[in-house]
Structure formats: structure tokens, C-alpha cells
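What follows is a set of notes on a single structure, which appears directly below.
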Amino acid sequence: VLAIAWIVFYLALVTTPLFVLLVEPRPPAAGFWWDFAIALGFSGAAMMGVQFVLTARFKRATAPYGIDIIYYFHRVLAVVTLLVVLAHPLLLLRENSGLLDLMHPVAGPWYITTGVWSLVAMLLIVASSVWRKALRLPYEPWRVVHVVLAVAALVLAGVHIEGVGVYVSTPWVRLLWVLIVASCVGVVVWVRLIKPWRLTRTPYEVTAVRPERGDAWTLAVAPRGHAGFPYQAGQFAWITLRSSPFAMREHPFSFSSAPSRPGTLEFTIKELGDFTRSIHTVRPGETVYVDGPYGAFTLNHASDAGCVFVAGGIGIAPLMSLLRALADARDTRRVVLIYAYRVWERLTFREELAALSSQLDLTVVYVLLEPPDDWTGERGLVTAALIARHVPVPRARLQYYVCGPTGLIAATERALGELGVPATQVHSEIFDLV
Ligand SMILES: Cc1cc2nc3c(=O)[nH]c(=O)nc-3n(C[C@H](O)[C@H](O)[C@H](O)COP(=O)(O)OP(=O)(O)OC[C@H]3O[C@@H](n4cnc5c(N)ncnc54)[C@H](O)[C@@H]3O)c2cc1C
């Protein structure tokens with residue numbers, strides 16, 4: 001119901017400019033397709049604006065869904081927005097092919113070329129995002145270019161609307177468009193300037209860096225000169241280390257610590273690329289900026305019947321936070337942890353999981369991809385049959401928390417569907433935003 005309400009709200013938002021135009025003194029009708037093309041142009045511009053708001057990480061707005069869902073919609077809507085914006089000149093050309101000369105990106109009049117370049121910027125944004133990995137574009141430079149192109153696309157679209165001047169003849173409609181563009185630029189100023197400035201006022205300091213099994217490191221940080229922020233087990237934060245919060249070099253990591261042990265935040269970080277491979281060189285006393293908490297991968301959904309956690313690799317990090325929180329609360333509910341990893345020796349938190357099994361009603365099922373010769377436990381992939389062997393019935397009454405590589409998440413969600421678990425009881429945390 002909530003999802004439908006949001007879709008209706010979104011449609012209302014992006015069609016509002018059209019209703020405003022209807023009450024305007026209108027130019028003479030120029031045929032359905034011509035007017036439809038103009039309408040698509042206005043709605044496309046409004047859709048571009050909404051994209052900024054979606055990724056501004058407003059905590060209250062994102063809290064019920066989790067940021068991964070919001071980013072998912074941002075990606076889907078970007079493609080829809082591009083199609084809508086692209087249809088605008090194509091339909092106009094269909095009506096009047098003579099417009100092609102005006103659309104020349106260099107020789108055309110400025111009020112048309114701004115629209116053309118806005119469209120080019122949109123195309124670059126979508127192509128560089130959809131094929132970022134295939135094109136081997138490193139995340140951080142990609143992100144800077146993404147923001148610059150997005151602001152350029154919107155401002156150019158605003159200038160194009162104002163320059164063409166159709167349907168924006170009265171000052172108050174002009175004001176509407178200036179306000180739409182200005183509020184999007186305002187969102188960027190908030191995210192890129194005001195928020196980073198606030199982070200510099202509430203720094204954290206590294207208190208420890210501990211090695212863990214499986215090329216992972218636990219980074220412990222404590223607030224320096226302030227009280228920190230409350231968080232829930234399973235949430236995550238963006239951290240900035242050895243860089244300024246203005247530099248857009250932040251990385252998201254789940255808390256592996258439990259909020260029931262206040263004073264220190266812990267993140268367990270697996271070596272993967274430039275940043276994560278540098279964690280072992282970090283020393284106590286270094287400054288860290290922590291922007292959080294975010295995410296909805298929390299025990300709010302937990303049922304009295306118990307929980308099933310499914311982890312793949314470093315996906316154990318937020319589940320460790322949940323397990324530690326349950327242990328600190330002396331929770332008596334049944335928990336089954338299915339933990340998939342390649343090899344036994346590298347299983348992060350293996351020893352602590354053994355200790356937690358004696359504090360909680362916890363069953364840990366290790367699933368190894370490359371088990372040793374004498375291994376008698378589970379092996380291979382997480383399947384419906386494997387889950388059925390270890391999760392007690394009635395399975396549909398339990399809540400499921402899944403975190404790991406996208407392949408494992410998809411396979412687990414499929415397997416749970418086969419076992420009759422409603423999708424609303426499966427909560428996933430994806431470690432991959434783009
Ligand atoms: C919600 C969430 C929670 C996460 N929790 C953990 C955790 O607890 N432990 C852990 O080890 N990893 C976690 N990750 C993954 C972690 O953020 C990436 O592994 C890390 O940022 C990689 O940076 P790198 O420079 O070392 O690697 P790179 O080789 O530069 O990047 C590898 C991949 O990581 C992603 N990535 C890189 N930089 C960023 C960035 N600044 N922001 C977002 N994604 C980026 C991109 O998809 C990239 O292709 C989490 C990710 C998300 C989205």
C-alpha cells in the first residue's frame with residue numbers, strides 16, 4: 001500500500017507542472033502529438049529534479065525503506081526519465097522535421113542547444129552508470145562526474161525551458177521553474193557543502209584496528225568531543241578517512257558493533273579495492289568522519305517465532321551487529337545463521353560465533369564452497385533444500401535477514417519463495433549501490 005502511495009505521489013509530483021500549464025494563457029493548440037511532446041519535456045524536467053531528492057539521503061524519508069531500495073528506484077527512474085526526455089525532441093521532429101536544423105548542437109540557437117546538451121548529459125549519466133563496471137570506471141571519479149553532469153543537465157533544461165518561452169509567459173510560472181531548479185541546486189548544496197561542514201564539527205577518532213579472518217579488519221572509532229549518534233543494530237554509515245568530507249571520498253560500511261555497547265562504533269571491512277586495502281595502515285588517533293545511521297536492515301521486523309540470518313562472505317558484518325545486540329539483550333528467541341563462505345580457514349568471526357552459540361539459542365550452519373576433505377557439513381550453494389534442512393517449520397512465521405553478494409541474495413530470495421516464505425518477511429542488505 002505504501003509503495004502504491006509513493007508511486008501516486010511521484011506521478012502527482014512530475015505531472016504537477018502540466019496542470020499548472022493548463023491554467024496558463026496557452027498558445028493556440030498545435031495538435032495532440034505536438035502538445036504531448038511539450039508535456040513530456042516539462043514532465044521530464046520535473047523527473048530530473050526528483051532524482052536529486054531521491055539520493056540526498058534525507059534520513060526521515062529513507063528510514064522506512066533502506067537506502068538500497070531508494071537507490072534502486074533512482075536507477076530505474078533515471079532510465080524512465082531519459083526515455084521521457086528523449087521522446088520530447090523525437091515527437092517534435094515527427095511533427096516538424098524542419099526542427100532538425102535548430103537542434104544542431106553547435107550551430108542551433110542557444111535556447112535549443114541548451115536542451116540538446118541537457119539530453120546529451122542525461123545520456124552520459126545513464127550510460128556511465130548502467131555500464132560503469134563494464135567500462136571499468138572507478139567508483140570515486142565516476143561519482144564526481146555523475147554529480148557534475150546531473151547539475152549541468154538540470155540547469156541546461158531550466159535554461160532551455162525559459163529560453164523557448166512556450167507556456168512560461170507569466171511571471172509566476174517562470175517563478176515555478178526557477179524554484180524547481182533552485183531547490184534541486186539547493187539539495188546539492190545541502191549534500192555537498194552543508195552536510196560535510198556539519199560532519200567536520202562532529203569528528204570521530206580511530207581507537208583500534210583489529211585483523212579478522214578472511215582479509216578483513218575491524219575499525220573501531222569513538223566520537224571526539226561530542227556524544228555521537230544513536231543507531232540500531234544492522235544499520236550502516238558512510239565513513240571518510242584520510243580525506244575531507246567535502247572530497248566525496250566516503251564509503252558505506254555496516255556497523256558490526258551493537259548499540260548496546262555504547263561509546264565505540266565498529267565496522268568490519270573486507271579488503272577489496274584501494275580504500276579497503278588501506279585500512280590495515282590506519283593507526284589509533286587518526287580522524288574519521290561518520291555520516292549515519294542509515295538503513296532498515298534492523299530487528300524491528302523480528303518475530304517472536306525467531307529469525308533466520310543468511311550471510312555470504314563479509315555480509316556477516318551487519319548480522320554480527322544483530323547477533324551481538326540479541327546476545328546483549330539476553331534474547332531467548334531461536335536464531336538460525338546460515339553462513340556461506342569459500343573456505344573454512346577464512347570464515348570471519350568464526351570463534352565469536354562459537355561463543356555466541358552458548359549465549360543465544362543460535363544454530364550456525366556453515367556452507368563451504370571449497371570444503372576440506374574431512375568436512376561433513378553443508379557444501380555448495382544456498383538452496384531451498386539446504387534451508388529446509390535447517391530451518392524449523394512453520395517457516396512462513398519467521399523473519400529472514402540476508403546479506404552478501406548479489407548472487408547469494410537473489411538465490412536465497414528465490415529459495416525462500418519456493419519454501420512459501422512471503423517476500424515481506426525477507427529483508428536484504430545489498431553492499432553494491434551502483
Ligand atoms: C549499505 C552498504 C553497506 C556495506 N557494508 C560493508 C561492510 O560492512 N563491510 C565491507 O567490507 N563492505 C561493506 N560494503 C561495501 C563497501 O562499501 C565497498 O566494498 C567499499 O566501498 C569498496 O571500496 P574500495 O575503494 O576499497 O574498492 P573499489 O575497488 O574502489 O570498489 C569496489 C566496489 O565497491 C563499490 N564502491 C566503491 N567505493 C564506493 C563508495 N565510495 N560508495 C559506495 N560504493 C562504493 C563499487 O560498487 C565498486 O565497484 C557496504 C556497501 C554498502 C552499499
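First listed ligand is number 1; within each ligand, the first listed atom is number 1. Since the structure is predicted, the reported quantities are computational estimates derived from the model, not experimental observations.
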Next item on the list: Could you label the plane-to-plane angle of the Y294 and F236 rings as parallel, tilted or perpendicular, counting under 30° as parallel and over 60° as perpendicular?
Entry: tilted
Next item on the list: Name the orientation class of the two ring planes belonging to H251 and F253 (parallel below 30°, tilted from 30 to 60°, perpendicular beyond 60°).
Entry: parallel
Notebook entry, point to check: Between W344 and R213, is there a cation-pi geometry (under 6.0 Å to ring centre, at most 45° from the normal)?
Noted result: no
Checklist line | Cation over ring face, R324 and F349, 6.0 Å, 45° | finding: yes
I'd like a table of donor-acceptor pairs (distance under 3.5 Å, sequence neighbours excluded) in which one partner is a side-chain atom from residues 144-152, with atom names and distances.
{"unit_1": "H146", "atom_1": "ND1", "unit_2": "S129", "atom_2": "OG", "d": "3.4"}

Taking [atom] as the point of reference, which of [options] owns the nearest heavy atom?
| atom | options | answer |
| --- | --- | --- |
| atom 34 (O) of ligand 1 | D215, L272, I239 | L272 |
| atom 38 (N) of ligand 1 | M248, H251, R132 | H251 |
| atom 15 (C) of ligand 1 | Y139, F255, Y294, F431 | F431 |

Enumerate the atoms of ligand 1 whose separation from the nearest heavy atom of [X] is less than 4.0 angstrom.
| X | answer |
| --- | --- |
| F275 | 24 (P), 25 (O), 26 (O) |
| E250 | 40 (C), 41 (N), 42 (N) |
| I269 | 11 (O) |
| K133 | 47 (O), 49 (O) |

Ligand 1 versus [X]: contacting region, heavy-atom distance under 4.0 Å:
| X | result |
| --- | --- |
| E271 | neither |
| A317 | side chain |
| T276 | both |
| F236 | side chain |

Between [X] and ligand 1, is there a nitrogen or oxygen pair with a distance under 3.5 Å?
| X | answer |
| --- | --- |
| T268 | yes |
| P252 | yes |
| E140 | no |
| G273 | yes |

Checklist line | Set of residues satisfying salt bridge (charged side-chain N to carboxylate O under 4.0 Å, His left out) with respect to E271, sequence neighbours excluded | finding: none
Checklist line | Within 6.0 Å of CZ in R261, more than 12 heavy atoms from elsewhere | finding: yes
Check: Is any side-chain heavy atom of Y400 less than 4.5 Å from a side-chain heavy atom of H427?
Finding: no
Check: Is the distance between the ring centroids of F255 and Y231 less than 6.0 Å?
Finding: yes
Next item on the list: Please verify whether a non-hydrogen atom of F267 lies at under 4.0 Å from ligand 1.
Entry: no
Checklist line | Side-chain (S256) to main-chain (A317) donor-acceptor, under 3.5 angstrom | finding: no
